[in-house]
Peer 1: 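Quick one: this structure, given as structure tokens, is what I'll be asking you about.
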Amino acid sequence: MTGGVVMFAIAGAVSAASLAADEVTPDPDTVTPGVVGFIVTFLIAVVTVLLVIDMVRRVRRVNYRAQVQQELAAEVAARDDAGPDAAAPGAGDSRAAGDSRAGGEGGPAGSGRAPK
């Protein structure tokens, strides 16, 4: 079915070209695209600018993710090179090994109460 549509479109284009050849062509200096042409060109320009902005944002995001992955890999490599003592939880920290809050209290976060 699409082959018939393509053939119909080609036949229409050929017949339109033959009709256009019979007509008198207007002066190219006086013919302008008009308001519709301006609007279409303006919309294409706006869409292009929006696509460029989106592309730049996505490229930056990919670059930042790669940079963070490199930094994490460097930290892991540095930790592995430092030895097993540096990788121990709470090493170099005055708080208890299982406590992750600065207050050192063992209740729910921010409550200041000890667990029951």
Side-chain angles (χ1 to χ4, degrees):
M1 179 164 202
T2 56
V5 173
V6 172
M7 292 300 291
F8 179 71
I10 292 172
V14 169
S15 64
S18 65
L19 289 176
D22 295 338
E23 295 177 7
V24 176
T25 57
D27 183 19
D29 294 330
T30 59
V31 176
T32 62
V35 176
V36 175
F38 173 76
I39 291 172
V40 169
T41 304
F42 181 76
L43 289 176
I44 289 174
V46 168
V47 168
T48 303
V49 168
L50 292 175
L51 284 173
V52 168
I53 290 171
D54 184 57
M55 180 189 66
V56 167
R57 183 176 50 114
R58 290 174 187 268
V59 168
R60 281 185 184 160
R61 186 182 305 154
V62 168
N63 287 338
Y64 289 149
R65 286 181 181 170
Q67 182 181 2
V68 168
Q69 286 178 351
Q70 288 175 350
E71 290 173 1
L72 289 175
E75 288 177 9
V76 168
R79 185 180 66 206
D80 290 343
D81 290 342
D85 293 336
D93 194 0
S94 62
R95 296 178 296 189
D99 192 9
S100 63
R101 289 189 307 278
E105 298 168 1
S111 69
R113 293 182 284 169
K116 294 184 181 180

Peer 1: Does V31 share a hydrophobic cluster with V35, counting links as ILVMFWY side-chain heavy atoms below 4.5 Å and allowing steps through other members?
Peer 2: no
Peer 1: A quick test of your reading: do over 12 heavy atoms of other residues, nucleotides or ligands sit less than 6.0 Å from CZ of R58?
Peer 2: no
Peer 1: Let me confirm one number: the OG1-CG distance from T48 to L43, rounded to the nearest 0.5 Å.
Peer 2: 10.5 Å
Peer 1: Drop me the distance from Q70's CD to Q67's CD, to the nearest 0.5 angstrom.
Peer 2: 7.5 Å
Peer 1: Could you tell me the separation between the CE atom of M55 and the CZ atom of R60, rounded to the nearest 0.5 Å?
Peer 2: 10.5 Å
Peer 1: Heavy-atom distance under 4.5 Å between the side chains of D54 and L50, does that happen here?
Peer 2: no
